[in-house]
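Input: a single structure, listed below in structure tokens.
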Number of protein chains: 2
Amino acid sequence: MTVTIKDIAKVAGVSYSTVSKALNNSPLVKEITKRKILKVAAEMGYEPNLAAKQLVRKKTDVIGLMWPTIERIVLATLVTNISKAFETTSYSMILSVDAPETAMDTFKKFQVDGMIVFGESNSITVSTENIPVVIYGVSGKNESAYPIIDANHEASMQKAVQHLVELGHRRIAYIGHLDQEDALQSEKVEGYEKAMKHFKLDENITIINSNGLNWFDGYTATDIMLEQDKRPTAIIGGSYDISGGILRALQEKGVQVPEDISIVSYDNIPQMATMEVPMTCAGVPVDVLAEEIVHSIIERIESDEEIELVKKLSPTLTERESTGPPPEIL
Amino acid sequence: MTVTIKDIAKVAGVSYSTVSKALNNSPLVKEITKRKILKVAAEMGYEPNLAAKQLVRKKTDVIGLMWPTIERIVLATLVTNISKAFETTSYSMILSVDAPETAMDTFKKFQVDGMIVFGESNSITVSTENIPVVIYGVSGKNESAYPIIDANHEASMQKAVQHLVELGHRRIAYIGHLDQEDALQSEKVEGYEKAMKHFKLDENITIINSNGLNWFDGYTATDIMLEQDKRPTAIIGGSYDISGGILRALQEKGVQVPEDISIVSYDNIPQMATMEVPMTCAGVPVDVLAEEIVHSIIERIESDEEIELVKKLSPTLTERESTGPPPEIL
DNA sequence: AAAATAAATAACAACGTTGTTATTTTTATG
DNA sequence: CATAAAAATAACAACGTTGTTATTTATTTT
């Protein structure tokens, strides 16, 4: 038998409503009785019944995270960070790896107070009724019905290019997955182009399609790139995995990083520091991103005012050993 | 305002207890009233309140999955499969990527009916009270307090070696992560050794430590292996990622797979089919594994009898293009 | 057609909380 | 030291279900 507030009440010799108040640290109960009740509760191993509480409070203090594609390491890191960020709040998080519809059903069933959705807003096909939602993705052109946390790929690319330009680079290539369907990827390429133009490097724009987001895709793309006659002195990798492949390909061809070629990677996760060559990277640090997402959904739940629809975050450039001045060109 | 059974009752002109029965398809209510009530409920967009139901039923129909290390692709695939497997049951699954203690707290709070734990039984440090638990891991020597689903690494290795022996191989090497702490890894190596001895290939036992479970670890280990004078004609890779690295390293050195060297990988996931060279692999197919895990926890919840403590599954050898007869040796 | 039985529905008490209202106890006031 | 005011506690009605018991209605049986 599980112990309820009524059991505690009996033992402590008070009414159960007093127990309820004491457990919620209400100012309506005297300090000394509060302490006594808390002590009894602890001794009896009391665990509150969420269902009962939920039934009367109409609130679960639970937020659902929809995460349909679990096989990408950067997102896995983000999820871990979000989960950690929730620990300091009064909310719990539940995770669903199901298809959006199924996930939504589960969340509705659990009557979550809010939802975090990875991906574009159009991944929400079912009605969310009036459950607050925050999306992590790309704000894009067309307006979304839900607030979006945008990691600001364009600004990241700007920072990456700027860093390399300041080091003296001019021939800066971009290797990434070129996918019209994927707004995330497109924004990176466009950001790169924009930045190059901004620094008057229009004719040096070199974009290589890795045709995928995996380690090996970056590897292959780099091989192809190295065969071309005019090598760039710096490469921007479109993602953690791709940059890993780029680095490996260069190493194998005996190209020194950063002496011969510098690399900056998109994605700002701690793992960048433990790569073969610690990687300079541009992007919103994953812990900041997590904090921001968690903060946003809670604000949206608790505040009545409409929050801003698009929140573009400020990326950081973290300098490590994969970037340096370009080699002297003979 | 959400619609409750009382609202339906009013509209349908019956008592709310009749509505409850009708919605649960009870034989105590006449077919015609049942239909009427169901129709009204649908029209009003009724969604049952889980908390209320839970409060009286003392059951949540929810199972928690503890998954502390989300960054391994094989486990991610398993999670996806488990999630899918639950869809055909009356249970829902919630996922926690937190540390075991935190995860356990969350699950207790949600009053899950059961828990699935990845890893060894000693990862459960907190009391599970009387929540049914099923562990996916290694049964090992010392008895566990909880039922274990064991993917039977030893038998997998036996199958891998047998397959290669039948093809005519004798010099079969094993490349994997040698970690005393990790029972999963140790069992694979031991299984390999046992199988080699079983086929009287004691003096051909070659074990190379990849010092890690990543793609690159397999890659490096293979490089080292190729420098040795007597090459094996076949390699067993300890995991999906490691095998990927092995394959890549061989390709780069111009070693043909399977003409020059055959590879069998541990881990039986669909992704094996889409590698550079479709990979022959040994292990319990991930969908079978998922079904078994889901079935076990549900059985443990619903059946009063004690279920067997250790369930060793039967691995499958899936033959693909990475294995063939050994080259003629001059 | 009245009495006995069966079938269908209604009434109501749980379940474990919270929050509001009613009562008791304590403290301050004249 | 009675009395008013304040503080502390108790009582009780929700919340939306389920399952048990009580009541009504329909169907047999004599």
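Keep in mind the model is a prediction, meaning the values are calculated, not measured.
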message: Given 3.5 Å as the limit, does a donor-acceptor pair link the side chain of A:Asn152 with the main chain of A:Leu313, or not?
response: yes
- line: Taken to the nearest whole Å, NZ/A:Lys59 to C1'/C:dG19 is 17 Å
- prompt: What's the CG-C1' distance between B:Asn24 and D:dT17, to the nearest Å?
  reply: 9 Å
query: Between D:dT18, C:dT18, C:dG16, which nucleotide has the shortest distance from any of its atoms to the side chain of A:Ala52?
result: C:dG16
query: Is B:Ser20 near enough to D:dT18 that one of its side-chain N or O atoms lies under 4.0 angstrom from OP1 or OP2?
result: yes
field: salt bridge (Lys or Arg N to Asp or Glu O under 4.0 Å) contacts touching residues 81-99 of chain A (sequence neighbours left out)
entry: none
task: For a side-chain contact (heavy atoms from CB on, under 4.5 Å) with A:Ile63, tell me which candidate from A:Ile293, A:Val294, A:Val112, A:Ile301 qualifies.
output: A:Ile301
query: When you check every protein heavy atom under 4.0 Å of nucleotides 5-14 of chain D, what one-letter string (B, S, -) results, 5' to 3'?
result: ---SBBBBB-
- prompt: How many Å lie between CZ on B:Arg57 and P on D:dG19, as a whole number?
  reply: 7 Å
- prompt: OP1 or OP2 of C:dC15 sitting under 4.0 Å from any side-chain N/O of A:Asn49?
  reply: no
query: Taking CG from B:Leu55 and C1' from D:dG16, how many angstroms apart are they, rounded to a whole number?
result: 9 Å
message: For B:Lys59, is there any backbone N or O sitting under 3.5 Å from a side-chain donor or acceptor partner on B:Asp113?
response: no
- prompt: What is the base-pairing partner of D:dA6, counting Watson-Crick and G-U wobble geometry with both distances under 3.5 Å?
  reply: C:dT25
field: Listed partners of A:Glu308 passing salt bridge (charged side-chain N to carboxylate O under 4.0 Å, His left out), at least two apart
entry: A:Lys311
- request: Write down the distance between CG (B:Leu50) and P (D:dT18), rounded to a whole number of angstrom.
  value: 11 Å
field: Length of the NZ-P vector between B:Lys53 and C:dG16, whole Å
entry: 18 Å
- prompt: Looking at A:Lys6, does any N or O in its side chain come under 4.0 Å of the phosphate oxygens OP1/OP2 on C:dC15?
  reply: no
